[in-house]
Protein chains: 2
Amino acid sequence: MGPQPHGHVTLAQVATRAGVSAQSVSNALNNPERVAAATRERILAAVAELGYEPNLSARALRNRSSSLIAVKMRPARPDKASLLMDDFLYVLNAAAVDAGYHLILCHAEDGSAGEIKAYRDLLKKTSVDAFILAETHRNDDRVAALRSWGVPFASFGRSWDGDDGLAWVDVDGRAGTRAATEHVAAQGHRRIGHIGWGAESELGQDRRDGWLEACRERELETDLQAAVVDSLDAGRQAAHRMLDASRPATALVCASDTLALGVMRALHERGLRPGADVAITGYDDSPTAALVSPGLTTLRQPIDEVGRQLIQIVDNLMAGDLRQPAYALPQHVLLEPELIVRASSLPGPRTPVR
Amino acid sequence: MGPQPHGHVTLAQVATRAGVSAQSVSNALNNPERVAAATRERILAAVAELGYEPNLSARALRNRSSSLIAVKMRPARPDKASLLMDDFLYVLNAAAVDAGYHLILCHAEDGSAGEIKAYRDLLKKTSVDAFILAETHRNDDRVAALRSWGVPFASFGRSWDGDDGLAWVDVDGRAGTRAATEHVAAQGHRRIGHIGWGAESELGQDRRDGWLEACRERELETDLQAAVVDSLDAGRQAAHRMLDASRPATALVCASDTLALGVMRALHERGLRPGADVAITGYDDSPTAALVSPGLTTLRQPIDEVGRQLIQIVDNLMAGDLRQPAYALPQHVLLEPELIVRASSLPGPRTPVR
DNA sequence: CTGTTAGCGCCTTCAT
DNA sequence: ATGAAGGCGCTAACAG
């Protein structure tokens, strides 16, 4: 049994309708300069009239390019607040569609070996045109693999090993944490602690640096720091330690909303009030930040812009590829996060607490 | 300039390697019974050796079926806690890949007209095999459109107009809200209010009904109810009203985590403690629920199962389609949510509040 | 500037 | 049980 009849309009039908050859229709759409203006108009009219949409499978087969961009889905960790992913996918997809692509999801087991295999399968099966990575790290296997295959890709997250050939879009974590630190310092805080991630996390170091710099400029002590994993409980415990110190912290700048929410949990356990008793800042502006009480001061990443830029980069890379495969046009975009001030970092009106 | 050379292994190459025709390779893979066992083994060996993966574009062109399943992305509303979407996409994709499909994202402007246009474009351009809808409502245009095109689809969310032909997977909101209500009633609460959505929301009515039933069975009053939009502020205001009542609520069962978080905001403004002073329950087990302090009691939807079932349904529909287009095999799956008890609904240990 | 030819990789039909 | 022919819809190359 063969393929079912379908309602799809084909190039040939448009051609007949416009009284030209299929090739001219193709040219009218893809290489407008090769076709006379008058013919072109006639063709476009026929296209509109018949509601023609090119069949991407056929085009992909012919061109070896599917206009599909792959994004990897990672499992959401139950403990994490940073669900930018949802939003991120939305804006990324919007930008992709805008540029004539579609997003296809890539499923991979944990671990970069599984991920590379998944990429490879997807590439072989669907000829995806490009990949979007997130959270690259030093000596990332995935980067090496994609590069060896010659597939365009861009990363949300910079190259931490000074790899200039990698195209990335990132948000300035250092500037963000600095802004948060300056903000609480401006409220008069002098004992400002930092709760961040361990030394293995380049992103964590970057964010920590912003706090360090801001403290040093103000000649504040930097003894209150914790390097922990990104979980509510880790934030909670670190907060307790810093509040149990002989000269306890009065403000805590955190590397993530998750950690900051752990701090809020600790305060809750101690009967202290975020803002009024201890200032707290997070990072990411996850949905949760706006919804907790009091609201969590945090840094919003401009993910709309991140999404748009990533798509633009791979789009450029693909255009470059066609002309000259060996031609590398690295692109690096570093965006500024925006400090969102909510009550968790402000003394605020004294709310009655019974 | 033609297509670039590529590393893809083709059917013909496998055929040469195995010393058979391309046809036999195709058969060995797709119609094993048509090929002798010995030949088949030889072919499969060659497939493995060469790492052959069928080219989906070619297959799609030939079969008019792309093994792509489309899912619509909706923008994440900043005010909302319900970010199941992220998790949902992950499990849905895992199930899809498992069944030999891939997920492609559909971008649509708000409004069902834009959405239908987006579906249609996607269908024409990529011959997606099936659609997954979310949140269908009474007289849903999208359902009518998809049906008129004869595309398989399934919905996360039941058909509220008794449309038996629609395949859906849903979670029993009534049972969930009932469980939450029974839970707080078991703590001794007698003035249990409900904050939910307006009458236009079938889902909201369903959830409200669970509360109503549980209250009536216990001969509790049901005067404390609010029908509002799903936002933090709406929940907050409704909570204030119910706490200002002459006989105020001591427990508030909400139709969403967002509303419950609004209630927590209201309590915060009044200097009251969730759990100790007023019991609160939400709905969805959004990531936020575990991260706020105190933790929010809520209902977890079994989205893993939802994802698996949805894929299985469309898979069945597609198999059915092939044999007999007109044959409808409706499937309805109603799953139970799980009550996750956290501190927001428990009197708990008296935490010191200064 | 336009039309003809050919083939991307696969699978259904029909022959052997 | 296996192979040959043909075409899905599109576009690069090459005429005309």
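Chain naming here is simple, since letters A, B, ... match the order of the sequence lines and numbering starts at 1 in each.
Counting only heavy atoms from C-beta outward, the side chains of B/I104 and A/L68 approach each other to under 4.5 Å.
Rounded to whole Å, the distance from CG on B/L56 to P on C/dG9 is 14 Å. Per the geometry, CG belonging to A/N55 stands 10 Å off P belonging to D/dT11, to the nearest Å. One can place CG of B/N31 at 9 Å from P of C/dC11, the figure rounded to the nearest angstrom. Separating the NZ atom of A/K124 from the C1' atom of C/dC8 is a distance of 18 Å, rounded to the nearest angstrom. A straight line from CD of B/E33 to C1' of D/dA1 spans 12 Å, rounded to a whole angstrom. If you measure from atom CG of B/L61 to atom P of D/dC10, you get 9 Å, rounded to the nearest angstrom.
For A/H107 and B/Y90, the gap between ring centers is short of 6.0 Å.
At C/dC10, none of the side-chain N or O atoms of B/N63 fall inside 4.0 Å of OP1 or OP2 (strictly under the cut-off). Of the side-chain N and O atoms in A/R59, one or more sit less than 4.0 angstrom from OP1 or OP2 of D/dT11.
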Taking only nitrogen or oxygen atoms into account, show me every contact under 3.5 Å that the protein makes with nucleotides 2-6 of chain C, one pair per line with its distance.
unit_1: C/dT2; atom_1: OP1; unit_2: A/T39; atom_2: OG1; d: 2.7
unit_1: C/dT2; atom_1: OP2; unit_2: A/A36; atom_2: N; d: 2.8
unit_1: C/dT2; atom_1: OP2; unit_2: A/T39; atom_2: OG1; d: 3.3
unit_1: C/dG3; atom_1: OP2; unit_2: A/S21; atom_2: N; d: 3.0
unit_1: C/dG3; atom_1: OP2; unit_2: A/S21; atom_2: OG; d: 3.2
unit_1: C/dG3; atom_1: OP2; unit_2: A/S24; atom_2: OG; d: 2.9

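The side-chain contact (heavy atoms from CB on, under 4.5 Å) check on A/R59 picks up A/N30, A/P54, A/L56, A/N63, with sequence neighbours excluded. In this structure, the side-chain contact (heavy atoms from CB on, under 4.5 Å) partners of B/R142, at least two apart in sequence or on a different chain, are B/S112, B/E115, B/I116, B/Y119, B/L133, B/T136, B/D140.
Counting heavy-atom neighbours within 6.0 Å of A/R17 CZ, excluding the residue itself, gives a total of 12 or less.
When distances are taken from the side chain of B/R64 to each of D/dC8, D/dC10, C/dC10, the shortest belongs to D/dC8.
Side chain of B/K72 to backbone of B/I132: no donor-acceptor contact under 3.5 angstrom is found.
When heavy atoms are screened at a 4.0 angstrom cut-off, B/L11 is found touching the sugar-phosphate backbone but no base atom.
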